[in-house]
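Notes follow the structure.
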Amino acid sequence: DPGLPRFRIAEVRKHHGQSPHPWVIHDDKVYDITDWIAAHPGGDVILRAAGGSIDPYWDIFTIHKADYVYDILAQYHIGFIDAADLVDGRPAQEEIEDPFSDDPDRNPALITMTAKPRNAETPTDAMTADFLTPNDLFYVRNHMWVPAVPDDPGKHTLTVELDDGTTKEYTLDDLKTRFRAHKVTAALQCSGNRRKHMSEGAGRKANGLPWNVGAISNASWEGVLLSDVLADAGFDVASGLAGTSEAKHVQFSGLEAYGASIPMKKAVDPQGDVLLAYAMNGQPLPRDHGFPLRAIVPGHVAARSVKWLSHITLSDEESLSQWQRRDYKCFGPNQTHVDWETAPAIQEMPVQSAITGCRLGAWTRSQGKLAQKAVLSGYAYSGGGRAIVRVDVSLNGGKSWCQAKILPDCTTNDGASSPCFGHGSWAWRRWTYDGLVPVDAFKQVPDKKGTATATFVVKATDESYNTQPESHAATWNLRGNLATAWHRLEVCSDC
Ligand code: MTE
Ligand code: MO
């Protein structure tokens, strides 16, 4: 209705998230969302947009770019932005609040995929330089903005809701003082790690960020056991262990509305080591990694290790979030119109490995043939606490194989003789290989004069004798999840 009133942006700003009548702007229209808040499926996170434009948030929560959402919003239309505040029919750019303006500074050495929200890989040369990835080089995967630092982090509250509806609140200080502290050394790996290889290897683009080898890092985490807190909140952990409890899932929510869940079985497993963590490599959690509190679910896809943790809910159902019900699932290579409901959410990770360092050295002779020295290094990891038992390397595209040396970073899990804490093999293993590449492993590249390349390959095997598939084509899926095919690296000699 063009007859509706015009409002200056200054007027809209007064209707912020704490005001009795929150308003939002979409395009050049103004909406009073007071009556919508209670019904908003995403909860009151919508209030973050109040007093300004909702459009930058919908660029993040893309699920809103749908006709039915516009229809809902239309019911709350109360007016238009005054022409004096419009540029080309939209509120001027500088009038729109940037949801990411409070994000922390980051180490510029990280390889940025997207700046807003922040998605960045560990730089390749730093990948396996250390067994524990330095905090400022740990990969970052944020779906949204980084929530503001609480005025007093010790007062940050975690609400635990049992399946009978009873709730108990804990401040961070409560967690630190009332429960025993535990350490767990665990890698986090994004389900999209190596997606770039999947798209390239299969010759079919998979949806999502084209991560290379660096959406995985390794750290030592400190916090309290989830199962201790659940027991304190009144949950009968024994019934969870026996599988007789009504609550089958533990749902986690973060302060910015991200959410995910894990099966009860993992949550209460006395050897599962699920932490509510407040420290990383001996430091308070950095803001990008969940300050002041995050879940650490070792052996599971990192999407379940919810950052900025504020709510835990026990339920007979998985988290309703799109990150539980949609994005992090796999399908067959032929399935491009999928039934999201029937595929299980990714939990434990499959076996993975990658080459992160490769140096070619001098030419020598070996068994009468010309050969070039090569030094390779990388990581291997498997989910579910399954140990890596072997790392196979090929210098000729997979025709013949050699054994890489697995570094003794984590030979025991007691923390005394190694920096590894926890009951499972939750950490990654670093490996190196020193060898000679026979001259016939190099193939001339027809269209590049004088250039010869060889294909180096790595694959790992875990203690259940799971190993990596040979081709990405066979495991391609529309979301580009779990790209674990042999990592092939084309290397060029004398070029
Ligand atoms: N938790 C919250 N609250 N918000 C997020 O965007 N991203 C998840 C998980 N937990 C996410 C989150 C995903 S997909 C990954 S891969 C890991 O956090 C990344 O953890 P990191 O940034 O500490 O490496
Ligand atoms: Mo992820």
Side-chain angles (χ1 to χ4, degrees), residues 42-43 45 60-62 99-100 103-104 106-107 110-114 116-122 127 132-148 156 158 186-195 207-211 214-221 223 251-262 274-281 283-298 300-312 319 321-324 326-330 345-347 349 352 381 383 428 479-483:
V45 66
I60 306 169
F61 298 101
T62 48
F100 302 96
D103 272 20
R106 281 111 179 184
N107 187 336
L110 288 167
I111 304 167
T112 298
M113 304 290 264
T114 62
K116 300 175 177 187
R118 180 63 172 196
N119 287 295
E121 294 198 16
T122 304
M127 273 311 289
L132 299 176
T133 313
N135 288 0
D136 65 337
L137 292 175
F138 202 98
Y139 84 96
V140 181
R141 173 71 178 109
N142 293 342
H143 290 83
M144 292 162 253
W145 58 92
V146 177
H156 167 81
L158 171 71
L188 291 183
Q189 179 177 210
C190 183
S191 68
N193 190 33
R194 300 188 56 219
R195 182 180 285 124
N207 287 331
L209 299 168
W211 298 105
I216 179 171
S217 300
N218 194 55
S220 194
W221 310 92
Q251 305 178 350
F252 300 118
S253 328
L255 284 171
E256 43 29 317
Y258 182 88
S261 61
I262 58 170
V274 180
L275 282 189
L276 309 180
Y278 42 74
M280 176 179 181
N281 295 329
Q283 302 288 315
L285 283 176
R287 286 188 63 204
D288 265 330
H289 300 291
F291 181 83
L293 187 70
R294 82 176 296 174
I296 289 291
V297 186
H300 283 225
V301 67
R304 312 297 166 225
S305 289
V306 173
K307 305 192 269 191
W308 312 293
L309 184 66
S310 66
H311 277 81
I312 295 176
S319 164
S321 80
Q322 72 181 88
W323 304 283
Q324 191 70 24
R326 293 283 182 278
D327 303 355
Y328 300 118
K329 296 189 172 188
C330 279
I346 301 168
Q347 293 285 357
M349 290 297 264
Q352 175 71 293
Y381 169 78
W428 67 13
R479 292 290 325 189
N481 286 322
L482 306 182

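Indexing begins at 1, ligand by ligand and atom by atom, following the structure's order.
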Quiz prompt | For His300, all residues meeting ring-ring contact (aromatic ring centres under 6.0 Å, His included), sequence neighbours excluded | solution = none
Quiz item: Distance from His156 atom NE2 to Tyr278 atom OH, nearest 0.5 Å?
Solution: 13.5 Å
Between ligand 1 and the protein, find all N/O pairs closer than 3.5 Å and give the distance for each.
from	atom 1	to	atom 2	distance (Å)
ligand 1	1 (N)	Lys307	N	2.9
ligand 1	3 (N)	Glu256	OE1	3.1
ligand 1	3 (N)	Glu256	OE2	3.3
ligand 1	3 (N)	Lys307	O	3.0
ligand 1	4 (N)	Glu256	OE2	2.8
ligand 1	6 (O)	His143	N	2.8
ligand 1	6 (O)	His143	ND1	2.8
ligand 1	7 (N)	Arg141	O	3.3
ligand 1	7 (N)	His143	ND1	3.4
ligand 1	10 (N)	Ser305	O	3.1
ligand 1	20 (O)	Arg294	NH2	3.3
ligand 1	22 (O)	Arg141	N	3.0
ligand 1	22 (O)	Lys307	NZ	2.5
ligand 1	23 (O)	His289	ND1	2.6
ligand 1	23 (O)	Arg294	NH1	2.8
ligand 1	24 (O)	Tyr139	O	2.7

Quiz prompt | salt bridge (Lys or Arg N to Asp or Glu O under 4.0 Å) pairs, two or more places apart, involving residues 288-298 | solution = Arg106-Asp288
Quiz item: Can you name the residues that form a salt bridge (charged side-chain N to carboxylate O under 4.0 Å, His left out) with Arg287, not counting sequence neighbours?
Solution: Asp102
Quiz item: Judged by atom type as modelled, is there a donor-acceptor pair below 3.5 Å linking the side chain of Asn193 to the main-chain atoms of Trp211?
Solution: no
Practice problem: Check whether any side-chain N or O of Tyr328 sits under 3.5 Å from a backbone N or O of Asn481 as a donor-acceptor pair, and report yes or no. | Solution: no
